[in-house]
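Naming convention: chains lettered A, B, ... in sequence-line order (proteins, then strands); numbering from 1 in each chain. Heavy atoms only: backbone and side chains are in, while hydrogens, waters and symmetry mates are out. In this text the structure is predicted, and so the values were computed from the model without any measurement.
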2 protein chains.
Amino acid sequence: MVTLAEVAQHAGVSASTVSYVLSGKRSISAGTRQRVEQSIQELGYHPNAGARALASSRSNIIALMVPLRTDMYVPVMMEIAIAVATSARTHGYDVLLLTGEEGPDAVRRVTGSGLADAMILMDVELDDERLPLLRGTDQPSVLIGLPADTSGLTCVDLDFGATGALCAEHLAMLGHRDIAVIGEAPAVYERHTGFAERTLDGLRSRSRELGLRVLHRPCEGGYDSMSLTLARIFDERPGTTGFVVQNESAVEPLLALLRQQSRAVPEDVSVIAICPDQVATQASVRLTSVAIPAQEMGRRAVEQLIAKLEGHGKDEVVLLAPELTVRASTGPAPATS
Amino acid sequence: MVTLAEVAQHAGVSASTVSYVLSGKRSISAGTRQRVEQSIQELGYHPNAGARALASSRSNIIALMVPLRTDMYVPVMMEIAIAVATSARTHGYDVLLLTGEEGPDAVRRVTGSGLADAMILMDVELDDERLPLLRGTDQPSVLIGLPADTSGLTCVDLDFGATGALCAEHLAMLGHRDIAVIGEAPAVYERHTGFAERTLDGLRSRSRELGLRVLHRPCEGGYDSMSLTLARIFDERPGTTGFVVQNESAVEPLLALLRQQSRAVPEDVSVIAICPDQVATQASVRLTSVAIPAQEMGRRAVEQLIAKLEGHGKDEVVLLAPELTVRASTGPAPATS
DNA sequence: ATAGGTTGTCGAAGCGCTTCGACTCCGTCG
DNA sequence: CGACGGAGTCGAAGCGCTTCGACAACCTAT
């Protein structure tokens, strides 16, 4: 293993000079810089991470806490994780992957040991038990998701309230009067992850303004569950012509069941999905959808974090504006019989 | 920040004693140990990761390199990643998330800087450019996936050859004669990730023995692509009654198209999927499938790695035996007309 | 010409931990 | 009863890096 000292010797300068060449924290003459860089190349020098962390008390590592559950939004999580890792690298940081399993202890461990300089938390619950810890430490952190009380925290998330409203507007504009929301699994609501409720709230209040009637039904996803849910919806509101689906694993079942019941999409019923674009475009009907901008969320979270690490960067809530893309699954409401 | 020295002072012992209590590398009297542990508790001490890494030249971090592509097998990747993180923790290691983006440079960076003690690579190509580097370093590594030349490497993977054979056997046993393989996207074959070829080889050679006729068609996934592929298959081999699908995003389209063409599953055609159990059980027909044991793969990879880090642990290829679960999508071949 | 700045470089002091050798204290064995 | 060895503890020497103050050399302004 090549050390700083060896590079220094090889270049005929002192160790501190090499360090300053690397960090750029003091001015170095062009000649010296070149000689040092040459030596670094020739010797294949890589600074030792541990030593660096010890001396500078900065690890250049960001911790990312992902939920342990692999039952929900998996592609979205993955995409966020990868976006986080990728953009962290462009800022010179590496990413440490923590699973939710350890819970608050992980936060303690990481902040206490200086393993990471900052952290990003995903899958935040409305009243997350990790929040007090975050507030109590001076280690910067960013949440992806929105807890009930955001004071003193920085959060990045899709504006799910606006998303719900957007769906309502689109369906209202097309003349639909009775719409149904196929929600996430009941467990998601019980866990109070928030985003599902926020979507619903936004959708409901905009619907009220627009005169839409809304029926909300959580749904586990999968065919059997969807079948049951759909039956109950048409039972209660036979005139339902618009669907908003916020559960990836219910999308395809819904389309199949509608087909089976000879309800044409979009002639008889319209469907809007809240899902990643990839899902919307790969479905059996190209779906009108509000995209979940996973990449952007990851990137923004990192940017916020870096800003905090660099000193400028305030606690703020960044809500990404939803965008509705019209594809082939929504159309004018059928003429009322 | 609490340091070792402060703990030592608080407990009335020397710093080295505290260190030995923590590491257990020398015997400590019960009384002293207790006093030290008490002090650690009271002061809320967490050893500094950087200092520890510097002094011991071990970071207790495992690097995990995931592919950058988010287009394929995402849930599987995620599940593996989480399994890796979780089991690494049980062995006292944390996981550093690297994306494939940096390529071989990431390997150099990590091994050179001592950021991680070992690494796990996913999505290994047959002739991966990172392999020479791995062979040339003494840092332990494990691959998830199988390159062409495994000499000097440790690999963990599902035995895709046996998987293919298993599919052939099951369909042959049910009396099918003409089967089609819906493969991964052409890009996967071009990239030579290997697993797709291995499946096909295993399936073909067993089919030869059993007298099955096999037609293989890569498929992008999605409805349009699947529709085209299916049409061509029935065109060329109208008597096809068995399908083996190795492309998650082709499963649902295939089922929908078969339904649309009034070919009943499993009465007219049988379908076997090679996919995670979750996909198999959530599909519109409960699918007979060979599971991709993501969790197990992650766990085994970590175990191999830990073994190497602890000194015992040889280069070996661990192939997990495939298991076929019969569900509702396969049945006896229809009587020949 | 002299005081005052710049600019570029160096030496040395740590950062918090691990680990090696040394030392003390006892119990044990010949 | 003295030599011996194990158990338990300590001191000190680093691990490889950053960073601070010092200093020489040079360049302006007065």
Within residues 300-309 of chain B or reaching into it, pairs that qualify as salt bridge (Lys or Arg N to Asp or Glu O under 4.0 Å) - sequence neighbours excluded:
B:Glu296-B:Arg300, B:Arg299-B:Glu303, B:Lys308-B:Asp315
How close do A:Val95 and A:Ala88 get, heavy atom to heavy atom, and via which atoms?
CG2-CB, 3.7 Å
For B:Pro293 and B:Leu320, which heavy atoms make the closest approach, and how far apart are they?
CG-CD1, 3.9 Å
Suppose the criterion is salt bridge (Lys or Arg N to Asp or Glu O under 4.0 Å): which pairs have a residue in residues 125-140 of chain A, not counting sequence neighbours?
A:Asp128-A:Arg130, A:Arg135-A:Asp149
Residues at least two apart in sequence or cross-chain that pass side chain to side chain contact (heavy atoms under 4.5 Å, CB included) with A:Ser23, listed by chain then number, are A:Tyr20, A:Lys25
Within residues 32-63 of chain B, the residues having a heavy atom closer than 4.0 Å to DNA chain D are B:Thr32, B:Leu54, B:Ala55
Name all pairs fulfilling the salt bridge (Lys or Arg N to Asp or Glu O under 4.0 Å) condition that reach into residues 26-39 of chain A, sequence neighbours left out, sorted by first residue then second.
none
Across all chains, not counting sequence neighbours, the side chain to side chain contact (heavy atoms under 4.5 Å, CB included) partners of A:Asp105 are A:Arg108
Sequence neighbours excluded, which residues qualify as side chain to side chain contact (heavy atoms under 4.5 Å, CB included) partners of A:Thr86?
A:Ile82, B:Leu68, B:Thr99, B:Glu101
Could you work out how much the helix from C:dA1-D:dT30 to C:dG30-D:dC1 bends, comparing the axis of its first five pairs with that of its last five, to 10°?
40°
Which salt bridge (Lys or Arg N to Asp or Glu O under 4.0 Å) pairs, counting each pair once, include a residue from residues 111-120 of chain A, with sequence neighbours left out?
A:Arg58-A:Asp117
Write out a two-atom table: protein N or O, nucleotide N or O from nucleotides 22-26 of chain C, distance below 3.5 Å.
unit_1 : atom_1 : unit_2  : atom_2 : d
C:dA22 : N6     : B:Arg26 : NH1    : 3.4

Identify the two heavy atoms, one from B:Ser141 and one from B:Thr154, that lie closest to each other, and give their separation to 0.1 Å.
O-CB, 4.0 Å
So B:Leu4, base contact, sugar-phosphate only, or nothing? Heavy-atom distance under 4.0 Å.
base
Minimum heavy-atom distance between B:Ala63 and B:Leu98, given as atom pair plus value
CB-CD1, 3.9 Å
Over all strands shown, is B:Ser29 touching base, sugar-phosphate only, or nothing at heavy-atom distances under 4.0 angstrom?
sugar-phosphate
Using every non-hydrogen atom in the two residues, find where A:Met77 and A:Pro67 come nearest and quote the distance to one decimal.
SD-CG, 3.1 Å
Do you know the tightest heavy-atom contact between B:Thr150 and B:Cys155?
CG2-SG, 4.1 Å
Under the side chain to side chain contact (heavy atoms under 4.5 Å, CB included) criterion, do A:Phe195 and A:Leu158 qualify, and how do the steps go?
CA-CA 9 Å; A:Phe195 74 96; A:Leu158 175 62; over 6 Å; no
Looking at every strand, decide which applies to B:Ser19 at a 4.0 Å heavy-atom threshold: base, sugar-phosphate, or nothing.
base
With a 4.5 Å limit on heavy-atom distance, are the side chains of A:Leu134 and A:Leu121 in contact?
yes
At under 4.0 Å between heavy atoms, what does B:Ser16 touch on the DNA or RNA strands: base, sugar-phosphate, or nothing?
base
Under a criterion of less than 4.0 angstrom to any heavy atom of chain A, what are the 5'-terminal and 3'-terminal contacting nucleotides of DNA chain D?
D:dG16 to D:dA22
Identify each atom pair where a protein N or O and an N or O of nucleotides 5-7 of chain C are less than 3.5 Å apart, giving names and distance.
none

